[in-house]
Amino acid sequence: MEGLRSELESLLTQVAELEAKAARVEHGMVKRIGDVLSGSVERVSNLRAASERNAKAIEVLRAARVPELAAAHAGLSARLAELESSRARVIRTVTFAGDLKPKVATIKRDFAAFAPHLSDLTLRIGTLAEELARREREVAELRETLANLGAVGGDLDATSRRVGEMAGASV
């Protein structure tokens, strides 16, 4: 029995040690769980605070930046429409210029064909103008000659009347 008692005491001592160890482990676990919980609570409260700050920042951005961004968008949209209109005008101009190239070439070719005719007509007009000027000078000379002849005829009539008067006075 003595052996049993010593064994029982040894077992009881071991149980006590195990219970002490279990209590220490339990105490350590409770402490760790508490630390984890307090860390989690702290992180959750930090996340909540960050979320509230972000929500306030978003509201501030919505209040201040959204109208500004909408105005910038409207301005950029108007500018884009203006650029597209300018682009369309440039395309029309380029197309128009491209369409004119064959027409201009045809006109140049036609003018080149008309150039000899134009030179010939200019020469004929010059010749006709010279002929007209010469004839006008001849007509002017003829008129002057007629005027001189009329004056001479008048002088002759006057002279023949005088001669007739003188002859009638002498008979």
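The CD1 atom of Ile125 lies 12.5 Å from the CG atom of Leu132; values are rounded to the nearest 0.5 Å. Considering CZ of Arg53 and CZ of Arg48, their distance stands at 13.5 Å, rounded to 0.5 Å. We find the CG-OG distance between Leu12 and Ser6 to be 11.5 Å, quoted to the nearest 0.5 Å. Taking OG1 of Thr106 as the start and NZ of Lys108 as the end, the distance is 11.0 Å to the nearest 0.5 Å. The structure places CG of Asp155 at 10.5 Å from OG of Ser160, a figure rounded to the nearest 0.5 Å. With values rounded to the nearest 0.5 angstrom, Ile33 atom CD1 is found 11.5 Å from Ser40 atom OG.
A donor-acceptor pair shorter than 3.5 Å can be found between the side chains of Arg89 and Ser86.
Cluster partners of Val152 are Leu156, counting Ile, Leu, Val, Met, Phe, Trp and Tyr whose side-chain heavy atoms approach within less than 4.5 Å, directly or via other members.
Using a 4.0 Å cut-off between a side-chain N of Lys or Arg and a carboxylate O of Asp or Glu, Glu68 and Arg65 qualify as a salt bridge. Under 4.0 Å is where a charged nitrogen must lie from a carboxylate oxygen, and between Glu59 and Lys56 no such pair does.
Looking only at side-chain heavy atoms (C-beta outward), His73 and Leu76 stay at 4.5 Å or farther from each other.
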Apply the test side-chain contact (heavy atoms from CB on, under 4.5 Å) to residues Arg32 and Met29: give CA-CA distance (whole Å), side-chain angles for both, the deciding distance (0.1 Å), then the verdict.
CA-CA 5 Å; Arg32 283 186 194 150; Met29 288 301 263; 4.1 Å; yes
Salt bridge (charged side-chain N to carboxylate O under 4.0 Å, His left out), that's the test. Do Glu165 and Arg162 meet it? Break it down for me.
CA-CA 5 Å; Glu165 287 174 11; Arg162 275 194 220 147; over 6 Å; no
Show your reasoning for whether salt bridge (charged side-chain N to carboxylate O under 4.0 Å, His left out) applies to Arg79 and Glu82.
CA-CA 5 Å; Arg79 179 70 176 134; Glu82 183 181 315; 3.1 Å; yes
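Panel note: side chain Ser51, backbone Leu47; no donor-acceptor pair is recorded below 3.5 Å.
In this structure Arg134 satisfies the side chain to side chain contact (heavy atoms under 4.5 Å, CB included) test together with Glu131, Arg137, Glu138, sequence neighbours excluded.
Applying the side chain to side chain donor-acceptor pair (under 3.5 Å) test to pairs two or more places apart or on separate chains, those with a residue in residues 114-123 are Asp120-Arg124.
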